[in-house]
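Presented below is the structure to which this report refers.
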Amino acid sequence: MRGVTNRILLAVTGALAALAGTALLAATWPFAGRHQAVLSAERRRGLHAEAWYWWAVTGALAVCVVLALWWLLAQLRRSRLPSVLVDTGDGGYAVLRGRALEEAVAGECEALEGVAGARVRLHGRRDAPALRIVLRLEPYAVPADVLAALAGPVLDRARTSAGLAELPTETRLLVGGHHAPRVT
């Protein structure tokens, strides 16, 4: 999703920059001469008298800077944790791939009674990871039983295998629609 958003924002930004450059070129260069200022002295005096103009220009530029910084920070942020540090007990650390832990937990979740599908995301810091789990339940599933099975053996094995004291988990349950059997 971020790639599509980036392409759209780049295309819009490029189109706006090209239009602004073309408009500036058309407004200043061939008609007013090469050594003419973009804004004439008379126009500058007129704009200086209108106080709202400078507030509007400053506000628009501030909004552009804030949006550009937000976009830059969005590019640097990762939605997934690439790896988890596992304490080996001898003073060293091993690295567990984040995708491996996600796939293992997803596989165990899908093996639970009443779960039709699972999506697992690992986020947080390498030394303090957390899980986001989305479980798609079958129509006959009992949510309390599924959560009990998840909180018990599934998360205990994940915590133990990653060598973590705790593994905070946010779980969302999506209940599948029940379709009545067709009578013929």
Side-chain angles (χ1 to χ4, degrees), residues 1-17 62-184:
M1 182 67 181
R2 193 176 359 174
V4 173
T5 305
N6 283 342
R7 287 188 202 103
I8 291 171
L9 284 173
L10 273 173
V12 169
T13 303
L16 287 175
V63 167
C64 288
V65 167
V66 168
L67 286 175
L69 286 174
W70 171 77
W71 189 24
L72 176 66
L73 291 175
Q75 302 312 305
L76 298 175
R77 185 181 63 224
R78 291 185 177 170
S79 61
R80 282 191 158 153
L81 190 61
S83 62
V84 176
L85 290 178
V86 179
D87 187 7
T88 58
D90 61 355
Y93 289 95
V95 177
L96 173 64
R97 280 186 335 119
R99 294 246 176 156
L101 184 60
E102 289 173 354
E103 290 171 5
V105 172
E108 287 195 26
C109 287
E110 289 173 351
L112 294 175
E113 179 67 29
V115 176
R119 284 191 330 245
V120 179
R121 296 273 185 202
L122 189 64
H123 66 96
R125 297 187 327 258
R126 288 178 68 175
D127 56 345
L131 286 175
R132 284 190 187 126
I133 302 174
V134 178
L135 297 177
R136 195 173 67 252
L137 301 180
E138 297 287 351
Y140 63 85
V142 179
D145 293 345
V146 172
L147 282 177
L150 174 69
V154 174
L155 292 179
D156 283 342
R157 275 194 289 275
R159 225 181 342 268
T160 304
S161 66
L164 299 168
E166 60 181 30
L167 184 59
T169 305
E170 173 189 328
T171 305
R172 294 183 185 198
L173 302 177
L174 304 175
V175 180
H178 176 69
H179 299 289
R182 185 165 268 200
V183 178
T184 57

Excluding sequence neighbours, so at least two apart, what forms side chain to side chain donor-acceptor pair (under 3.5 Å) with T13?
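Expected list: none.
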Could you pull out all residues at least two apart from R121 that satisfy side chain to side chain donor-acceptor pair (under 3.5 Å)?
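R121 satisfies side chain to side chain donor-acceptor pair (under 3.5 Å) with no residue once adjacent residues are dropped.
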Determine the minimum heavy-atom distance between [X] and [Y], stating which atoms define it.
X	Y	answer
A158	V105	CB-CG2, 3.7 Å
L135	C109	CD2-CB, 3.7 Å
L167	P129	CD1-O, 3.7 Å

Side-chain donor/acceptor pairs under 3.5 Å, residues 93-100, sequence neighbours excluded:
none

Strictly by side-chain hydrogen bond (donor to acceptor under 3.5 Å, both in side chains), give each pair with a member in residues 104-116 just once, sequence neighbours left out.
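Residue pairs with at least one partner in residues 104-116: E108-R157.
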So, taking the atom named CG in L72 and the one named CG in L67, what distance separates them when rounded to the nearest 0.5 Å?
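These two atoms lie 12.5 Å from each other.
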From L131 atom CG to E170 atom CD, the distance as rounded to the nearest 0.5 Å:
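Rounded to the nearest 0.5 Å, the CG-CD separation comes out at 10.5 Å.
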Result block: side-chain N/O donor-acceptor pairs under 3.5 angstrom for residues 142-155, not counting sequence neighbours:
none

Listed partners of A130 passing side chain to side chain contact (heavy atoms under 4.5 Å, CB included), at least two apart:
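With sequence neighbours excluded, A130 shows a side chain to side chain contact (heavy atoms under 4.5 Å, CB included) to H123, P168, given in chain and number order.
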Partners passing side chain to side chain contact (heavy atoms under 4.5 Å, CB included) against A106 (at least two apart in sequence or in another chain):
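Listed in chain order: V120.
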With sequence neighbours excluded, tell me which residues meet salt bridge (charged side-chain N to carboxylate O under 4.0 Å, His left out) with R159.
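So R159 forms a salt bridge (charged side-chain N to carboxylate O under 4.0 Å, His left out) with D156.
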